[in-house]
Amino acid sequence: MPLRIYNTASRKLEIFSPATDKSVSLYTCGPTVYDYPHIGNWASFIYWDTLVRVLKFSGYNVTRVMNLTDVGHLVSDADDGEDKLEKGARREGKSAWEIADFYIADFKSGMKSLNLIQPEYLARATDYIPQQLELIRQLKAGGYTYQISDGIYFDTSKFSRYSDFARLDLKSQKAGARVKLNTEKHRPWDFALWKFTEPGKKRDMEWETPIDILAIKPEQYSNPIMGFPGWHLECSAIAMSLLGKTIDIHTGGIDHIPIHHTNEIAQSESATKQPFAHYWLHNNHLKINNSKVSKSLGNGYTLQDIESHGFSPMDLRMFILQSQYTSEGNFTFDNLVAAKNRLNNWQNYAALRHQIHDRLTDDASKTDLEKFVVSTATIGAIRDALWQNLNTPKALSIIDDALSGLEEVDLDTISWSSLNQLLEAADELLGLQLLSSTPDIDDEAKQLIIRRERAREAKDWPQSDTLRDQLLKMNVVVKDTSHGPVWSRQ
RNA sequence: GGCGCGUUGGCGGAGCAGUUACGCAGCGGUCUGCAAAACCGCGUAGACGGGUGCAACUCCCGUACGUGCCUCCA
């Protein structure tokens, strides 16, 4: 069974096959670092992290780039309004550079707490200004640009396939119906490659516009014209400079199909005459309380909000994995509780491995057939589920099935190594930290459990209950099963 | 106005043309010193109306409702 993924470019489920045998180049549109990401943003990054995990698990050598948009993303994608970074700076009384640094640090720490694998390259747009200017240069040379009073624009009429990717009928789009149109643009969907700093203004982030990309003669050029890159440009420039002209997989949110990715394709392919990406994957949006996440509705919960409600980042991760990336999830705190409980149950199963080990006296005397073995076929089945367009809910259900058998049987009969293999594979593929979140209990707690068993044998219930309370204070819960006591963490 | 998507049991959420998804929550029972767990069972899901099939939650058409994009947003 091959790895299949849904390619937005073809609108079909396709068998994945990278250009180079066992290497995969992967580009993910990263955050605009002007504010805390909300859980919808994180959902996207959790899904793409799962993709990376699946590829690595399948033996691919993955080189992944994620950009950090720290300049040029305007309040409106239609090349109007203020730069988000500059706006954030004004809001917080800092410079745009300080804003970017702060939210980049926050993003990295969020990635860590959600156990997202760090991409090989986390690239700041402002670190790639020369590459972006070079791309403009190439496009200008090819006749794809024009200049108007506020910047240099991409002429979409020169790229005949412009509307193919999003399958939009541009004529029927009511572009600018609700925003003031830039009347100088030749077409509403032409987009800025480089914007000039407003005359008489000084931006925190601005660069001198090289004269050779300007449509003026050198003798007319007196004072430097300052400017900054358009939002779409960075992704093409960063991706191509780090991964080459054609990349295997490009991922991003579903909202990026009609504008951002359409524009990336237009400018990249106009410059190189080669396909920009073979596979385009898009995650659907997470709804919150059945409505969309929107800054204006104020429902964009952050990771900090989740934690202040008493949930862990892994609870959120479990919640996100419970629905498939192409479907529209719905977040409520009740649903998060369900995910938390499920994860907690898994952690209790994971903790059994310490208790099997403790009792392991004559492991060799029992054959695998006599033991409860989590078969390697289970791990294969998990992988197969994920290979089916990252069907994470299916993968979770397979793990549920495998784990739920464990508590019915005598612990002595469970194969320690096969349980460990399952947990390792689950962690590798889903990143839920089942192993690291369930360390063994200390010797003191173990002694208390033994003493409690003695008390129970002597039918000394008050003593037994006292010991149980003592363990509870150490966050260890003891349950008396028909096969003896089993502990778990509270 | 244009283009698109969705509608599964209390909630979340998959696959599949014919066999229990799965999870969380709930109810009843067994077991049990108590508690918890575990186990067994229960609630008879598939918006509505047609159509094609021996057979449809699963394919096709229509209707209703919801929702997304064409501003911002993963």
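Below, read A as the first sequence line, B as the second, and so on, with proteins coming before strands; counting in each chain starts at 1.
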Can you check the [X] [atom1] to [N] [atom2] distance for me, whole Å?
X      : N     : atom1 : atom2 : value
A:K394 : B:A21 : NZ    : C1'   : 9 Å
A:R342 : B:C22 : CZ    : P     : 11 Å
A:D469 : B:A36 : CG    : P     : 14 Å
A:L467 : B:A35 : CG    : P     : 19 Å
A:Q324 : B:C5  : CD    : P     : 16 Å
A:N330 : B:G10 : CG    : P     : 16 Å
A:I39  : B:A74 : CD1   : C1'   : 12 Å
A:I257 : B:C5  : CD1   : P     : 11 Å

For [N], what is the paired nucleotide under Watson-Crick or G-U wobble rules, both distances under 3.5 Å?
N     : answer
B:A64 : B:U7
B:A38 : B:U30
B:A17 : none
B:C69 : B:G2
B:A55 : none
B:A45 : none

If we take the [atom1] atom in both [N] and [M], what is their distance in whole Å?
N     : M     : atom1 : value
B:G33 : B:G18 : P     : 48 Å
B:U71 : B:G13 : P     : 29 Å
B:U7  : B:G12 : C1'   : 15 Å
B:U44 : B:C11 : P     : 14 Å
B:G28 : B:U67 : P     : 38 Å
B:G23 : B:U52 : P     : 39 Å
B:G46 : B:U19 : P     : 15 Å
B:C5  : B:U63 : P     : 15 Å

Examine B:G15: is either OP1 or OP2 under 4.0 Å from a nitrogen or oxygen in the side chain of A:S397? Give yes or no.
no

Does a nitrogen or oxygen in the side chain of A:N391 sit under 4.0 Å from OP1 or OP2 of B:A14?
no

With centres under 5.5 Å and planes under 30°, do A:H256 and B:A74 count as stacked?
no

Using the benzene-type ring in the case of Trp, are the ring centres of [X] and [Y] under 6.0 Å apart?
X      : Y      : result
A:Y162 : A:F154 : no
A:Y6   : A:W280 : no
A:H261 : A:W231 : no

No-H, no-angle donor-acceptor pair, [X] side chain to [N] base, under 3.5 Å:
X      : N     : value
A:D480 : B:C34 : yes
A:R468 : B:C34 : yes
A:D255 : B:G68 : no

What nucleotide, of [options], holds the atom closest to the side chain of [X]?
X      : options             : value
A:H285 : B:G33, B:A74, B:G13 : B:A74
A:P393 : B:A74, B:A14, B:C11 : B:A14
A:W461 : B:G33, B:A38, B:C22 : B:G33
A:Y349 : B:G13, B:A38, B:A74 : B:A38
A:A338 : B:G13, B:G33, B:G23 : B:G23
A:S44  : B:G33, B:G12, B:A74 : B:A74
A:K479 : B:C34, B:A37, B:A74 : B:A37

A:D400 vs A:S464, nearer the 5' end of RNA chain B by closest nucleotide
A:D400

In terms of the nearest nucleotide of RNA chain B, which residue is placed more toward the 5' end: A:T481 or A:N283?
A:T481

Carboxylate-amine/guanidinium contact A:D460 A:R454, below 4.0 Å
no

Does the pair A:D384/A:K394 count as a salt bridge with the N-to-O cut at 4.0 Å?
no

Would you mind classifying the nucleic acid contact of [X] as base, sugar-phosphate or nothing, using non-hydrogen atoms under 4.0 angstrom?
X      : result
A:L286 : base
A:V477 : nothing
A:Q388 : nothing
A:T332 : nothing
A:G252 : sugar-phosphate

Please check this pair: side chain of A:S268 against backbone of A:I265, looking for a donor-acceptor N/O pair closer than 3.5 Å.
no

Any donor-acceptor N/O pair, A:S44 side chain to A:G40 backbone, under 3.5 Å
no

Taking atom types as modelled, find out whether A:S236 and A:E264 have a side-chain donor-acceptor pair closer than 3.5 angstrom.
no

Between A:S113 and A:N115, is there a side-chain donor-acceptor contact under 3.5 Å, judged purely by atom types and distance?
no

If you draw a 6.0 Å radius around CZ in A:F159, do more than 12 non-hydrogen atoms from other residues or ligands fall strictly inside?
yes

Is B:G28 in the syn range, within 90° of 0, or in the anti range?
anti

Identify all pairs in which a protein N or O lies below 3.5 Å from an N or O of nucleotides 25-32 of chain B, and state each distance.
residue : atom : partner : partner atom : Å
B:A25   : OP1  : A:N341  : ND2          : 3.4

May I have the step-by-step check of side chain to side chain donor-acceptor pair (under 3.5 Å) for A:Q322 and A:R342, ending in yes or no?
CA-CA 10 Å; A:Q322 286 190 138; A:R342 188 182 206 178; 2.9 Å; yes

